[in-house]
Amino acid sequence: MTAVLEVAGLKTHFFTHAGVVKAVDGVDFTVNKGEVMGLVGESGSGKSITGFSILGLIDQPGRIVEGSIRFNGDEIANAPEETLKSIRGNRISMIFQDPMMTLNPVLRIDSQMMEAIFAHEKVSKKVAWERSRHALGLVGIPSPEERLKAYPHQLSGGMRQRVSIAIAFLNKPDLIIADEPTTALDVTIQAQIIHEAQKLTRQTGTAMIWITHDLAVVAGLADRISVMYAGRIVEQGLTDDVIDRPLHPYTVGLLGSVPTANKRGERLFQIEGMTPNMLALPEGCAFAPRCRSASAACKAPPPITHIANRDIRCFNPQAQAAAE
Amino acid sequence: MSVFVIRRLMQALLVVFLMSVIVFFGVNIVGDPVYMLVSPDADQADIEAAIRRLGLDRPIWDQYLLFLKGAAQGNLGDSFIFGEPALKLILHHMPATLELAFSALMLAIVIGIPLGLFSGLYPDNPISKGIMAGSILGFSLPTFWVGLMLILLFAVELGWLPSTGRGDTATIFGIETSLATWDGLRHIFLPALNLALLKISLAIRLTRAGVREAMSQDYVKYARAKGISTKRIIFVHVMKNIMIPVVTVMGLEFGSLIGFSVVTETIFAWPGMGKLLIDAILQLDRPVVVAYLMIMVLFFVVINLVVDILYSILDPRVRLQDQGA
């Protein structure tokens, strides 16, 4: 399999008045052609910043301080703005969390779709309009001609997110970064959107990074899962391995706190403590203060080790089932 | 839409009526115009005759009803001083004021919005800080003082521009205006700039605040993620959004421009309604004052309506609510 995206040692830091926030602090992963990678973590774990770093969309006071991002073999970390602009929306596109906020409220759907084509290709208005209409049809929007003339507020939340997905696929990109695309939607619409995205990636061979805090969402969707905590990937492996036999105590905790039918009436498991303050991370493993199996070794930062077909950052990996 | 306009017109009628009560009784409290009109050596019989002639011998509510009756027929009373209908006097002076207010509004838009855009996009740039400092001056310096300084600098010291009057006028589209001649343009520039100063500052601050807010919105980040050019993001995505508050406020300010022109017209001896009003107040010419204020009320009502309609054109979300109503 050929790699579409190779991220190595990526560090994106924010230089605020209160101190340096190491939002992404040494992240490595690879996404292969046509593969869906789930990037899972709590709010503030750096998963969205990882996505924005790939597109070079980090705003002041943040910047990529270290590491390499190779897209189709070319280095794009800190690449010139013109290079990045020709990649954004064209070779790598992005789907955002809240389609209410991301579609411009005063522009019609057709102008927001066609501008994405015009930004990268010199085609006639007619061709662009036809492609937009076709794309809306692909994501299951009924009577796309009418929808093209609509303003975002005239569409429902699920419809708007379908429009975002249609825009993401417009230029047939190699990679789509989906940043919590179903979080703002209710569960039935969520399932439809996931189905739609999955279908399209299969058909077009587009690779996808699906960023979410919801393990249940990626369990059925992703080929591989990377679990992020405090700016680092703590566990990375095939979806089945990670879901069925999690090794990192954090992954175990995350899986344990997913409500299931089997645990009806029982008290839901909770990871103790709170997400760490990103301004004052502990020296060693960032999860250690909340970890039940923390030992003296955890005072030092755990290196990446390769065990049981996955990469993991932990001195005391667990072997028992998540349900415990 | 038509339901909306009709409802607004009904409300406007009520506003105009209430204002007529306040204005008429308010003006009648101040001073005694009779002593301004009769000669100082007039005897009691002359004075009483003048009082009767002006209709001031009737009870005030009777005077008001008479005024209301006339107003309903488009007659706002005759000027005490000129003996002509007050409405005619005002309409005669109106084009001069309107062209001044219009020029000031144009200056505010043409100067204010680009400066506001620049300082909103580059808030840390020293030029932006200069623009913001300038806008504070524009807000806080009194209009009459700035007017005098403008005359002192451009008319007296440099001698570039004339300081008083309207200059040559010419007729375009049936309107007599000084905007149509070079001499007229030279005459209008200083008073228009003077009048516009406050609104330029307002346009700068509004645009800057709008740009800064819009640039941090998700739709801008999304547009960047689509690979859209910076030019298109600023002039289409951002501008279309911030035009909503800017048009609303600047439109409403057009009324206050006409109102504020009283000061500017007095300083630059601009023969408009404002100058007429000041003269009328000094001579206690009540019908002209009342008529001017009534016209101003009408102006504000109409401007508000036009702004509301413009707003619904700019903001598609407003359009939808309107259809539902």
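It should be emphasised that the depicted structure is a prediction, and the values quoted were computed from it without experimental measurement. In what follows, every chain begins at residue 1, and chains take the letters A, B, ... in the order their sequences are listed.
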**Q** Between B:Phe118 and B:Tyr122, what is the ring plane arrangement, given parallel below 30°, perpendicular above 60°, and tilted in between?
**A** tilted
**Q** Are the ring centres of B:Tyr219 and A:Phe96 closer than 6.0 Å?
**A** no
**Q** Which answer fits A:Ser164, side chain, backbone, both or neither, if we ask what part of it has an atom under 4.5 Å from a heavy atom of chain B?
**A**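 Both parts, heavy atoms under 4.5 Å.
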**Q** Answer with side chain, backbone, both or neither: which region of A:Phe52 has an atom nearer than 4.5 Å to a non-hydrogen atom of chain B?
**A**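 The side chain, not the backbone.
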**Q** Can you tell me which portion of A:Gln97 sits under 4.5 Å from chain B's heavy atoms? Options are side chain, backbone, both or neither.
**A** neither
**Q** Using a cut-off of under 4.5 Å for heavy-atom pairs, which of A:Ile87, A:Asp98, A:Leu103, A:Leu107 has the most such pairs with chain B?
**A** A:Leu107
**Q** Output the residues of residues 238-248 of chain B for which the shortest heavy-atom distance to chain A is under 4.5 Å, in residue-number order; output 'none' if no such residue exists.
**A** B:Lys240, B:Asn241, B:Ile244
**Q** Could you tell me if A:Lys85 and B:Thr230 have a donor-acceptor pair between their side chains, going purely by distance under 3.5 Å?
**A**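 The criterion, which ignores hydrogens and geometry beyond distance, is satisfied for A:Lys85 and B:Thr230.
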**Q** Of the backbone (N, CA, C, O) and the side chain (C-beta and beyond), which part of A:Leu55 lies under 4.5 Å from a heavy atom of chain B, both, or neither?
**A**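 Interface part for A:Leu55: side chain.
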**Q** Show the numbers, then the answer: is there a side chain to side chain donor-acceptor pair (under 3.5 Å) between A:Ser226 and A:Lys47?
**A** CA-CA 10 Å; A:Ser226 301; A:Lys47 53 197 197 303; over 6 Å; no
**Q** Take B:Leu198 and B:Thr143 through the test side chain to side chain contact (heavy atoms under 4.5 Å, CB included) and record every step on the way to the result.
**A** CA-CA 8 Å; B:Leu198 195 77; B:Thr143 313; 5.8 Å; no
**Q** Would you call A:Asp74 and A:Arg91 a salt bridge, using N to O less than 4.0 angstrom?
**A** no
**Q** So, applying side-chain contact (heavy atoms from CB on, under 4.5 Å) with A:Phe14, which one of A:Ile49, A:Val20, A:Val24 is it?
**A**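 Output: one option passes, namely A:Ile49.
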**Q** Is the closest side-chain donor-acceptor distance between B:Ser261 and B:Thr97 under 3.5 Å?
**A** no
